[in-house]
2 protein chains.
Amino acid sequence: MKRKKASETAPLEGRSPCAVACGLDIFGDRWTLLVVRDLLRGHRRYGEFAGSKEKIPTNLLADRLSRLETAGIVTRTPYQDNPPRYEYALTPKGDALRPIIRAIADWGAQHIPGTRRMDMAAQAAATGDKPSSR
Amino acid sequence: MKRKKASETAPLEGRSPCAVACGLDIFGDRWTLLVVRDLLRGHRRYGEFAGSKEKIPTNLLADRLSRLETAGIVTRTPYQDNPPRYEYALTPKGDALRPIIRAIADWGAQHIPGTRRMDMAAQAAATGDKPSSR
DNA sequence: CTTTTTCACTTGCAAATCGCAAGTCACAAC
DNA sequence: GTTGTGACTTGCGATTTGCAAGTGAAAAAG
């Protein structure tokens with residue numbers, strides 16, 4: 001059980017006072033922002049994340065979810081007691097990552113051939129962007 | 001000597017057609033976007049990147065620079081012949097990463113106590129943002 | 001009521017990556 | 001000629017990945 005200690009709003013490592021550096025300490029890896037992307041798409045349960053086409057290894061999925069929880073980005077609430085099952089949701093702090101995902105999706109769609117922005121629920125609504133304007 | 005082959009605009013691994021996933025395959029790690037940040041700040045030479053306060057290990061710096069080069073995000077041009085010395089600069093594709101760095105800086109400054117957005121040269125000008133309004 | 005599935009994770013482990021320290025190479029300075 | 005500087009490379013132990021298989025409990029199937 002990795003649910004050891006969160007010591008509230010942990011100061012993390014903090015390798016520098018730079019917001020970019022510290023942000024990357026939290027989600028700078030190949031999987032974390034992908035589970036955030038799935039959360040933004042409305043995924044709530046372990047199996048839904050594991051079922052995404054990128055096929056995250058289940059041990060990493062469990063690890064990333066628990067890190068995101070201790071980082072205050074997702075919440076983990078039981079939706080059934082026996083056997084204990086939880087569902088995950090973004091906190092406001094997690095939802096605030098949306099512009100980052102958006103920016104990455106924009107860049108990728110424009111600069112990596114063969115990729116496309118996939119539907120992100122309520123994407124336009126949340127940022128006030130017009131679908132037809134850029 | 002990691003300068004092996006770039007095979008033009010390589011199709012990369014491409015673990016899915018998702019722009020976010022493929023973007024993360026390129027810069028989804030703790031250091032890559034940090035050197036992009038430094039490039040946006042105007043850093044040009046190896047020593048300048050190595051001198052940033054996050055203290056990237058030099059072997060990783062060399063590796064990240066060559067990956068960024070093969071990804072078409074930075075260019076490496078000699079500024080002296082003997083001994084051969086190069087300087088690095090962002091391509092347009094690399095400069096297009098600016099909104100991502102911006103989004104991360106915004107998020108970090110707002111959600112990670114003790115961090116702040118550091119000056120990013122010509123940040124406002126490139127995005128049409130007003131420095132005094134937020 | 002016994003067997004099979006499903007869900008949500010763990011565990012094991014080989015292979016890849018990281019990060020620190022030290023080394024190299026060529027010239028420039030002292 | 002000894003030291004310094006810039007740009008890397010090399011070694012290597014420690015950590016992290018990623019794949020496969022296992023676990024536990026209930027729900028569905030036979």
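Chain naming here is simple, since letters A, B, ... match the order of the sequence lines and numbering starts at 1 in each. Both backbone and side-chain heavy atoms feed into the values below; hydrogens, waters and symmetry mates do not.
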Practice item. In plain terms, say whether A:D29 and B:R30 are close enough for a salt bridge, that is, a side-chain N and a carboxylate O under 4.0 Å apart. Key: no

Revision key, fill the gap. Nucleotide by nucleotide, nucleotides 13-24 of chain C touches protein heavy atoms under 4.0 Å in the pattern (B base, S sugar-phosphate only, - none) -----SBB-B--

Check your understanding: Would you say B:S16's side chain and A:K53's backbone share a donor-acceptor pair under 3.5 angstrom?
Key -> no

Check your understanding: In whole Å, what is the span from the CD1 atom of A:I56 to the P atom of D:dC19?
Key -> 11 Å

**Study point:** Rounded distance [0.5 Å steps], CG in A:D106 versus NE2 in A:H111
**Key:** 9.5 Å

Exercise for review: State, yes or no, whether a side-chain contact exists between B:I26 and A:I112 at a heavy-atom distance under 4.5 Å.
Suggested key: yes

Check your understanding: Less than 4.5 Å apart, any side-chain heavy atom of B:E69 and any of B:R67?
Key -> no

Exercise for review: Verify the contact: side-chain N or O of A:Y88 to OP1 or OP2 of C:dC9, cut-off strictly under 4.0 Å; return yes or no.
Suggested key: yes

Each nucleotide N or O in nucleotides 23-26 of chain D that has a protein N or O under 3.5 Å away: list the pair and distance.
from	atom 1	to	atom 2	distance (Å)
D:dG24	N2	A:R85	NH2	3.4
D:dA26	OP1	A:N82	OD1	3.2

Review point. Does B:Y79 put a side-chain nitrogen or oxygen below 4.0 Å from OP1 or OP2 of D:dG6?
Key: no

Point to revise | Interatomic distance, B:L61 CG vs D:dC8 C1' [rounded to whole Å] | key: 9 Å

Check your understanding: Roughly, in whole Å, what's the span from CG in A:D81 to P in C:dC7?
Key -> 19 Å

**Study point:** Donor-acceptor under 3.5 Å (B:R44 side chain, B:Y88 main chain)
**Key:** yes

Check your understanding: Once you round it to whole Å, what is the distance between C1' of C:dA8 and CD of A:E69?
Key -> 15 Å

**Study point:** Lys NZ or Arg CZ of B:R64 over B:F49 ring: under 6.0 Å, within 45°
**Key:** no

Review point. CZ of B:F49 versus C1' of D:dG6: gap in Å, rounded?
Key: 14 Å

Point to revise | For atom OH of B:Y46 and atom P of C:dC25, their distance in whole Å | key: 16 Å

Exercise for review: Give a yes or no on whether the backbone of A:P17 and the side-chain of B:T115 come within a donor-acceptor separation of less than 3.5 Å.
Suggested key: no

Review point. Within the pair A:R76 and C:dC9, is there a side-chain N or O less than 4.0 Å away from OP1 or OP2?
Key: yes

Review point. Within this structure, what is the CG-to-P distance between B:L65 and D:dT9, rounded to whole angstrom?
Key: 10 Å

Point to revise | B:R102 charged N/C atom sitting above A:W107 aromatic ring, 6.0 Å / 45° | key: no

